[in-house]
Structures are given as structure tokens and as C-alpha cells.
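Working notes, structure below.
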Amino acid sequence: MDYQALAELLFPNVTATVEEIEARYPARNLPEGAKVTRFAPSPTGFVHFGGMYQAVVDERLAHQSGGVFFLRIEDTDGQREIKGAVEALLRTLSDYGVAYDEGPRIDENGNLHEVGAYGPYKQSQRAELYHVFAKKLVAEGKAYPCFTTAEELEEIQETDKKAEIKNTDWHVAAEQKRAAMLAGRVFTMEEVRAHLAAGDPFVIRILANGDPDKKTKFTDQVKGSLEVPENDEDFVLLKSDGIPTYHFAHAVDDHLMKTTHVIRGEDWLPSLPKHIMLFNYLGFKMPKYLHTAQILKTDENGGKKKLSKRDMGAKMDDYREMGYVTEAVWEYLLTLLNSNFEEWHAQNPDKSCLDFPFNIKKMATSGCLFDFTKLNDVSKNVLSKMTADEIYTKFLDWAQQFDPAFAACLAADPDKAKAIFAIGRGGKKPRKDLTTWKDVKPYMSFFYTPYFSVDRTPLARFPEEDVTAVCTRFLESWDPADEMGAWFDKIKGIADALGYASDMKAYKADPTAFKGSVADVSMFLRVAVTGRENAPDLYTVMQILGDNETRARIQALMNV
RNA sequence: GGCCCGGUGGUCAAGCGGCUAAGACACCGCCCUUUCACGGCGGUAACACGGGUUCGAUUCCCGUCCGGGUCACCA
């Protein structure tokens, strides 16, 4: 077989040589130890949590080492492509502050353009490159055309399924399919010519020479030492539309674009033998690999499953909808990424997450369950550290989309809203009432008349005349100008006058000696003013509500 | 089913031949507190199992079991 002639026959339009291509992609001029990483999502319309996990590793590794982090769009599957997906993807990365150096960008007018000297950064635009290398492999007898159609291959599998052979059907299907593919290895130039003349579609397959019973050692940067079998599968390099498969594109692109570290999910581990063979055949130096742990969830049967796009939290966009702030998701991600992050963060509370010395060695080696409870805790802490201004701005941005009516309410009086957000904020022990933006409304809506209503049930266990008496006396003595101490002294005075203990210690020592305590008296007022039993500091609430509203609410409680 | 990866409390996890087996979240209790939210203190709870190797195994090796991944002209 004249492989050179076969290559010409198959790729008559490919004139560029491998050397010419290589010359277009010179070595990157980077300092020693600088890592070149890439995030290579397929444009399916959203960024998966697992993808973000990898993107963060990419970004950290590259930028911590003075290297380059680029973005490459893997749009080799035209059928799955969704329009606007790239834009959505870029927006998500930008929302989360994952900065990349090269790849597609959106300009002020919303148009896409590329930056970087190693492009194109969309695989669909790199066809020429792949074809040159495919031609080379064919010319060297390492790849061959296969005219067996996808339908024919599928048919073989279908018959197996219909036969309902259990247990062994995988084996049988695999063997038959393999036999069919292997049959394609044997052909003559004449047959190829005839197929080509007839316009038959074909794919380019690799000619695998591996023995799966032979294992070789491979070192993965996160998994450590691995045993991988040799590849014996004639997998497809170029699909019948001339577009490469992931495997081929991975080898060609990451070689040309000078990737030093490939970060991808561990679900890629099984195809590592293919990649090893490809890099070998092509004469490329292999990059280092980091196969990251999967993020799992508990399924209805108690088992673990990969987080699928239907699960809440799988799509990065979900978090905004659920009311999480990006910083919280970032921190949670970091806690999963590096087990010592939390410790570091506790010791360096004022440092940015970007200052954290991210370390590959600290990465999890096995899959972990996505834990909303933990995310919530992280989120609660993140929100508690923000200033009232920050909270106001960010919440408003969220609420304008998800609860415009309430947003308008707050925006009508920014100072009031900020004063509310400022309650118990700052200092060493800030309040932690908010986990997500969804908590804001239940927490503080009572400040706003349209959302205010009174739940009297806490009052039921006390005589109504006591409630009325407390309210009356409070209205008589209240002076909004009072300091908190004076204010509370007045309440204690009312408690004493009505037979309620003003001294909690005395009350606890003998509760039967009193009708109740100052805590109960406060509760009457709290119910009147906030409509409920639990609320932030009552003195501050009254200050924010103001003289008129406070009095009106207390008055209203008595009038019912 | 073949191949690959993994198995420390409910969850995330330290550990890397000798420890009363860290810590965080969750849960429970107590304290603080005019309620709540914080904060403080304490508690329940783990090395999957069986063989080796070793003076000694959570740590190393083998097997079993269990969990996960993967087996496309998808990535």
C-alpha cells in the first residue's frame, strides 16, 4: 500500500505541511515553570458547576505561575451547538471573575472577537490544521479511511439490543462492532478510489496497534500513579464531515497551543490510552494531566450520581436564581478544590481568595457530594462580611430581576434600606441572618407597610389587658430621642409596674413570683412593631421606623 | 460484562508505620442574651471486611465487598 498516495487521494486540497503549521505556532516565551492551561467547554449554553471547578483550577494554576490561561471553544459537534451559547459562557466566566488571557471576547457592541496569537480559538475554525495532521498520519500508515457508515455500525448494536442478551451483550456488541471496524482496515487503493468516485462518506480512523493486556504506568498530577492499558481501538479522528473528534482536536490543539497542563474531569480517564497513542503517533510531547474529581449528588435511591444539568446547582446560572452571591460560590468551590482553604481563610480573613496559595497536591482525588448545607454556611459568612452598601447594591440588582415590586420598595428610600441592612452589621460578631437573597424579604419586609402584618399568636398566652397596658404605657413614655439604655429602662419600668420581672435573674430564680418578665413585655412591643416574635434589635427597629410609624403600629395592636 | 478510579464520622476532610484518629458543616446540650441572629463551651459520631508484611497497621501488599466512571462519526 502506498500510503503517501492514499493521503493525496483522501486530502487533495491539503497542501500545507506539518512543518509550515508548526512554524505558525512557535514556543511561548514564558518564564521557567510557567503553566499554560486552557478551559475548553463545548458551547451547550451554560457552564456546569464541574466546569467552573476546572476553570478555577486552570486560572489559578496559570496565573499563580506567571503563565497563560486561554479559552477554547470545542464546537466540534454541530448538532449540539446552541446559538448565543458562547456569549452566555463568557458572561458567566466574567460574573465569577475567572479571567483568561486568550480566546473569544465580547466587545462593547456585543460582538465576538478573539485575542491571542495561538488561535483560532474555536475548533470549528481550525479545520485546516486538523486535516494537515490527519493527512500526515495517513501518509505514515497510522490512520486510514473507513467507509463503514455510522448507520451500519449502529445496526450491529441494534440487533444485539433486540436479542435482549443479558450480561454478555456488552461483550458481544463490542466484539461485533470491533469486527466490523477491523474489516474496514483491509482495503485496496482501487476500493478507496471507487468509494470516493461514488461520493461515499468516510471517516478517518487511527490504526491502533496496542495490546490492552499490556499496561503502562502513567502519572496524573492529581490522581498520582495510574495503570493504563494500551489502546487497541480504531477510534475516529475525523468525522465524515471533516470535523475532528474530541480526541484528535485535543492532541492537535493542545500541542499547537502549547498547553502544559490539561485540567479535565476524571470521566476522561478511560480515554487516556487513546490520547497517549495519538500524541505518540503524532510525535507530540504530552502535556501534564490533572483529572479532577467529579461533583456528585445523592440520587433518590441513596446512591451517588453525577450532577446533571437538571439538578439545581449544576448550572452556574442557577446560583443567581437561587440568590447566591458569586463570591460565596467561589469560596465554596475553593473549599472543595483545596482542603486547606478554609483554614487559610480563617487565618487570613481580610485577604482575597486570589491570594490563596492554591496547591495541586491538596486537591481531592475522589468524587465528592455537592453539599448545599455547606454552601449555605459559606454564603452566610460571606454576606455577613459585606457592608450595608454592598448588600444594598447587590440585593437590589438581584431583586430587580426576581422581585421587582420589593426592589422598588427599597429603592424608593435607599437610606432607609441601608439603615436596615446596617443592623448588627460590622464588628467582630456580625449578625448572620442572610444566606441567600431569598432571605432578605422575610427578614426585613415588615419595615415596609405593604408587607407588614401582625401575627398575634405569641400574645395569646398573656392577658389582653396586660398587652394593652404595656402598649399604652410605652406610648406615654416613649421618646424617640432616648438612648438605648434609657429606652430599655423605661421598658423595665413598665414591666415592674405591671408585675412582670425587670430583672431576668430574679425571674429565673422564681418565675412563679411574676406574671412574666421584661422579655415578655419586650415581646408585646416587638409583635406590635414588627408583627412577629423574632426580629433584630427592637430599639434600632423603632429608630428606623420613626416616631409616627412606631406609634401607629403600637396603637393598631390595641385597637384590634 | 470488560477496563479504569476510589472507599476515615451524616457531609467535606487532615493523616502519610507507633496519635486519646485533627478541623469545618450539620445535629444535640449548656452559657451569654429583652426575642431572633451572632458568640463561647461541651457532646454524639469514622478508619468497609478478610488475609498477609511488620515488634507494631487507618497508613504498605493481596483478595472480597461496596461506590463511581467509561465502553459513539458527544464532548
Side-chain angles (χ1 to χ4, degrees), chain A residues 40-42 44 74-77 79-80 146 148-151 153-154 157 166-174 177 201-205 212-213 215 220 223-224 226-229 233 235-241 243-247 249-250 264-273 291 293-294 296 298 303-306 332 335-336 339-340 342-343 346 362 364-378 380 384 423-424 427-434 443 458 488 491-492 495 502 504 517-523 525-527 530 532-539:
Chain A
S42 52
T44 50
E74 310 235 319
D75 56 347
T76 54
D77 184 5
Q79 302 198 329
R80 293 211 314 195
C146 174
T148 312
T149 65
E151 290 71 35
L153 251 22
E154 248 168 53
Q157 287 196 313
K166 295 292 173 204
N167 282 335
T168 55
D169 56 354
W170 261 114
H171 182 67
V172 172
K177 189 163 179 180
F202 66 93
V203 299
I204 300 294
R205 287 182 185 277
D213 291 332
K215 323 276 186 192
D220 182 87
K223 292 252 170 196
L226 256 40
E227 225 175 41
V228 303
E233 194 187 327
F235 61 93
V236 172
L237 263 24
L238 247 32
K239 300 184 253 184
S240 56
D241 57 2
I243 302 288
T245 56
Y246 168 84
H247 310 296
H250 158 49
R264 50 154 59 154
E266 65 179 333
D267 45 339
W268 281 110
L269 228 33
S271 41
L272 191 56
H291 285 98
Q294 300 272 277
L296 310 168
T298 310
K304 292 177 182 177
K305 277 278 160 325
K306 226 158 90 165
Y332 176 59
T335 65
L336 291 180
S339 50
N340 57 329
E342 279 187 276
E343 198 185 337
K362 289 285 185 183
T365 54
S366 55
C368 60
L369 248 28
F370 185 95
D371 187 1
F372 265 109
T373 314
K374 183 73 182 183
L375 202 215
N376 285 343
D377 181 65
V378 171
K380 195 199 273 190
S384 77
I423 300 174
K428 264 190 95 69
K429 297 189 290 183
R431 294 185 65 93
K432 297 181 180 177
D433 302 283
L434 273 26
Y443 170 66
F488 195 55
I491 292 177
K492 282 200 219 170
S502 62
M504 287 308 285
S517 73
V518 68
D520 299 314
V521 171
S522 298
M523 186 266 284
L525 294 169
R526 189 175 299 107
V527 168
T530 70
R532 59 201 196 195
E533 202 171 3
N534 302 327
D537 176 60
L538 189 54
Y539 173 80

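Proteins come first, then strands; the chains are lettered A, B, ... in the order of their sequence lines, and each starts at number 1.
- Picking from A13(B), G69(B), A75(B) the nucleotide with the shortest atom distance to the side chain of A364(A) gives A13(B).
- Between W268(A) and Y246(A), the ring-plane angle classifies as parallel under the 30° and 60° cut-offs.
- Listed candidates were C12(B), C25(B), C73(B). Nearest to the side chain of V203(A) is C73(B).
- Comparing the P positions of A72(B) and C16(B) gives an interatomic distance of 43 Å, to the nearest angstrom.
- Relative to the side chain of N534(A), the nucleotides C25(B), A75(B), U35(B) differ in distance, and U35(B) lies closest.
- Atom CD of E343(A) is separated from atom C1' of G15(B) by 13 Å (rounded to the nearest Å).
- Here CG of D371(A) is found 8.5 Å from CG of N376(A). Values are rounded to the nearest 0.5 Å.
- Closest to the side chain of E74(A), out of A75(B), C4(B), C73(B), is A75(B).
- Following rounding to the nearest Å, L226(A) (CG) and U70(B) (C1') show an atom-to-atom distance of 14 Å.
- For E342(A) and A24(B), the CD to C1' distance is 5 Å, given to the nearest whole Å.
- Here C12(B) is the nucleotide among C12(B), A75(B), C25(B) with the atom lying nearest to any side-chain atom of C368(A).
- Listed pair S339(A) / A14(B) meets the phosphate criterion, a side-chain N or O lying under 4.0 Å from OP1 or OP2.
- Across the protein-nucleic acid pair, H247(A) atom NE2 and C73(B) atom P stand 9 Å apart, rounded to whole Å.
- Put simply, K374(A) has no side-chain N or O that comes within less than 4.0 Å of OP1 or OP2 on A13(B).
- Counting only Watson-Crick or G-U wobble pairs whose defining distances are both under 3.5 Å, the stems of 3 or more consecutive pairs in RNA chain B are B:1-7 with B:65-71, B:10-12 with B:23-25, B:27-31 with B:39-43, B:48-52 with B:60-64.
- Between the NZ atom of K432(A) and the P atom of A37(B) there is a distance of 13 Å, rounded to whole Å.
- Considering only the side chain of K239(A), A75(B) comes nearest among C38(B), A75(B), A24(B).
- Comparing C38(B), C25(B), U34(B) against the side chain of K380(A) picks out C38(B) as the nearest.
- Comparing U34(B), C5(B), A37(B) by their nearest atom to the side chain of A519(A) picks out U34(B).
- To the nearest whole angstrom, the two P atoms, one in A46(B) and one in A21(B), are 11 Å apart.
- Mapped onto RNA chain B by nearest heavy atom, L269(A) and D371(A) fall at different nucleotides, with L269(A) at the one closer to the 5' end.
- The base of C73(B) sits within donor-acceptor range of the side chain of S240(A), with an N or O pair under 3.5 Å.
- Here K306(A) pairs with D267(A) in a salt bridge; the nearest charged N to carboxylate O distance falls below 4.0 Å.
- Residues E233(A) and R205(A) are not paired through a salt bridge, judged by the lack of any N-O separation under 4.0 Å between the basic side chain and the carboxylate.
- Salt bridge absent: R526(A) and E533(A) never bring a charged side-chain N and a carboxylate O closer than 4.0 Å.
- Side chain R526(A) to base U34(B): a donor-acceptor pair is found below 3.5 Å.
- Residues S522(A) and F370(A) each lie close to RNA chain B; by heavy-atom proximity, the contact nearer the 5' end of the strand is made by F370(A).
- Closest contact between the side chain of V236(A) and the listed nucleotides C38(B), C73(B), A13(B) involves C73(B).
- The pair K239(A)-D241(A) does not meet the salt-bridge criterion, since no charged nitrogen lies less than 4.0 angstrom from a carboxylate oxygen.
- Distance, M504(A) CE to U33(B) P: 9 Å, rounded to whole Å.
- Atom CG of L369(A) is separated from atom NZ of K304(A) by 5.5 Å, given to the nearest 0.5 angstrom.
- The separation between L369(A) atom CG and G69(B) atom C1' is 15 Å, rounded to whole Å.
- For the C1' atoms, the distance linking A45(B) with C27(B) amounts to 10 Å, nearest Å.
- When atom types are taken as modelled, the side chain of S42(A) and the backbone of T44(A) share no donor-acceptor pair closer than 3.5 angstrom.
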Scan nucleotides 66-68 of chain B against the protein and return all N/O pairs shorter than 3.5 Å with their distances rounded to 0.1 Å.
from	atom 1	to	atom 2	distance (Å)
G68(B)	OP1	K304(A)	O	3.1

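- A distance cut-off of 5.5 Å between ring centres, combined with a plane angle under 30°, places F488(A) in a stacking arrangement with the base of U34(B).
- Between L375(A) atom CG and C25(B) atom P there is a gap of 15 Å when expressed in whole angstrom units.
- Listed for the R532(A) side chain is a donor-acceptor partner under 3.5 Å among the backbone atoms of N534(A).
- Across A37(B) and G18(B), the matching C1' atoms stand 46 Å from one another, rounded to whole Å.
- You'll find the ring centres of F370(A) and Y332(A) inside the 6.0 Å limit.
- One distance of note links NE2 of H291(A) with CG of L269(A); it measures 5.0 Å at 0.5 Å rounding.
- Comparing the same atom, P, in A22(B) and in G42(B) gives a spacing of 14 Å after rounding to whole Å.
- When the C1' atom is compared between G69(B) and C31(B), the two are found 49 Å apart, to the nearest whole Å.
- Between T76(A) and A75(B) there is a side-chain polar atom (N or O) within less than 4.0 angstrom of OP1 or OP2.
- The base of C36(B) lies close enough to the side chain of R431(A) for a donor and an acceptor atom to sit less than 3.5 Å apart.
- Put simply, the side chain of T245(A) gets close to the backbone of V236(A): a donor and an acceptor are under 3.5 Å apart.
- Spacing of P atoms, G7(B) relative to C62(B), comes out at 14 Å, to the nearest Å.
- Distance check on atom C1': G52(B) versus U59(B) gives 15 Å, rounded to whole Å.
- For C73(B), one of the phosphate oxygens OP1 or OP2 lies less than 4.0 angstrom from a side-chain nitrogen or oxygen of R205(A).
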